[in-house]
Amino acid sequence: VVSTQSTGSSGINAEYGKQWYQRRVRGVLNYYTNYYYKSNLRCIDKMADQKKKNQEIILGQFNKLRTEQRMIAQKMSELKLEESEHRLVIDALKEVDDPKRKCYQLVGGVLIERTVEQVRPNLENNSSKIGTLISTMDKTLEMKVKDLSEFKERHGIKVKGEDSLDNGEDKKDAKTSGVLVN
């Protein structure tokens, strides 16, 4: 009986030792799993922050390009209006019979009295220069539009209100990641 108890107690001690060892291993595994899990979460958080910063940078660059495009288009419309005003005045001065007739020209906010023969060549020269500037700005605007569309395509930017995906492209082929802009 004594030998059975000693065998039984050593069996119990062995079972207890085995359970203790398993708990210890599980504890160590849990510790390292939690450590790596938490470090992975930190890495994922850092990556998400970097991705968010990258998206903000991309969005800033896109908005800058779009603002430049709008400024060029606005300046072009102002110049076209100015050119049409020059053409109106030139046409009115062509109908004047007397080239020595007085006319007034606004230069830098000051009205200057001149003759038709002095003013008309200046107006024609200015009008041709404005036309040249408009054509140059038109080429610049075309390049800016091309750059903007390439930038949108490269970074998967979708602008609200633009139906670029509904123009015959398959929606499955379109990128699902990117930036959505108002």
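FYI, side chains are in, hydrogens and waters are out, and symmetry mates aren't considered; it's all heavy atoms of this structure.
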Inset, instruction - Walk me through it: do His155 and Gln55 pass the test side-chain contact (heavy atoms from CB on, under 4.5 Å)? - result: CA-CA 9 Å; His155 295 289; Gln55 284 183 347; over 6 Å; no

Inset, instruction - Verify side-chain contact (heavy atoms from CB on, under 4.5 Å) between Met71 and Lys75, making sure each step is shown before the conclusion. - result: CA-CA 6 Å; Met71 286 174 41; Lys75 190 64 177 175; over 6 Å; no

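- Here Asp147 contributes atom CG and Arg154 contributes atom CZ; the two are 8.5 Å apart, rounded to the nearest 0.5 Å.
- The nearest pair of heavy atoms linking Arg120 to Lys94 is NH1-CA, 3.4 Å.
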Legend entry - Worked verdict on Lys129 versus His86 for side-chain contact (heavy atoms from CB on, under 4.5 Å): CA-CA 11 Å; Lys129 286 181 181 178; His86 275 70; over 6 Å; no

Inset, instruction - Just do the side-chain contact (heavy atoms from CB on, under 4.5 Å) check on Met143 and Lys139 with the steps written out, would you? - result: CA-CA 6 Å; Met143 288 182 355; Lys139 292 175 186 174; 5.8 Å; no

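- Interatomic distance, Lys102 NZ to Thr115 OG1, rounded to the nearest 0.5 Å: 11.0 Å.
- Under a hydrophobic-cluster definition in which Ile, Leu, Val, Met, Phe, Trp and Tyr are linked whenever side-chain heavy atoms come within less than 4.5 Å, directly or via other members, Met76 and Ile130 are assigned to the same cluster.
- In this structure, Ser127 contributes its side chain and Leu123 its backbone to no donor-acceptor pair below 3.5 Å.
- Between Lys146 and Glu142, the closest side-chain pair of non-hydrogen atoms is not below 4.5 Å.
- Here the NZ-CG distance, from Lys144 to Leu65, works out to 5.5 Å after rounding to the nearest 0.5 Å.
- In plain terms, the two heavy atoms of Gly109 and Leu106 that are nearest each other are C-CD1, 3.7 Å.
- Going from atom CZ of Arg66 over to atom CD1 of Ile157 covers 9.0 Å, rounded to the nearest 0.5 Å.
- Put simply, CD on Glu78 and CD1 on Ile134 are 11.0 Å apart, with the number rounded to the nearest 0.5 Å.
- Both Phe151 and Val159 are members of a single hydrophobic cluster when ILVMFWY side chains are connected at heavy-atom separations under 4.5 Å.
- Nearest heavy-atom pair across Thr132 and Ser135 is O-OG, 2.7 Å.
- Summarising the geometry, atom CG belonging to Leu59 is positioned 12.5 Å from atom CG belonging to Asn54; distances are rounded to the nearest 0.5 Å.
- In this structure, Tyr104 and Val119 have side chains that are not in contact, with every pair of non-hydrogen atoms separated by 4.5 Å or more.
- Both Leu79 and Ile72 are part of a single hydrophobic cluster, where members link through side-chain heavy atoms under 4.5 Å apart.
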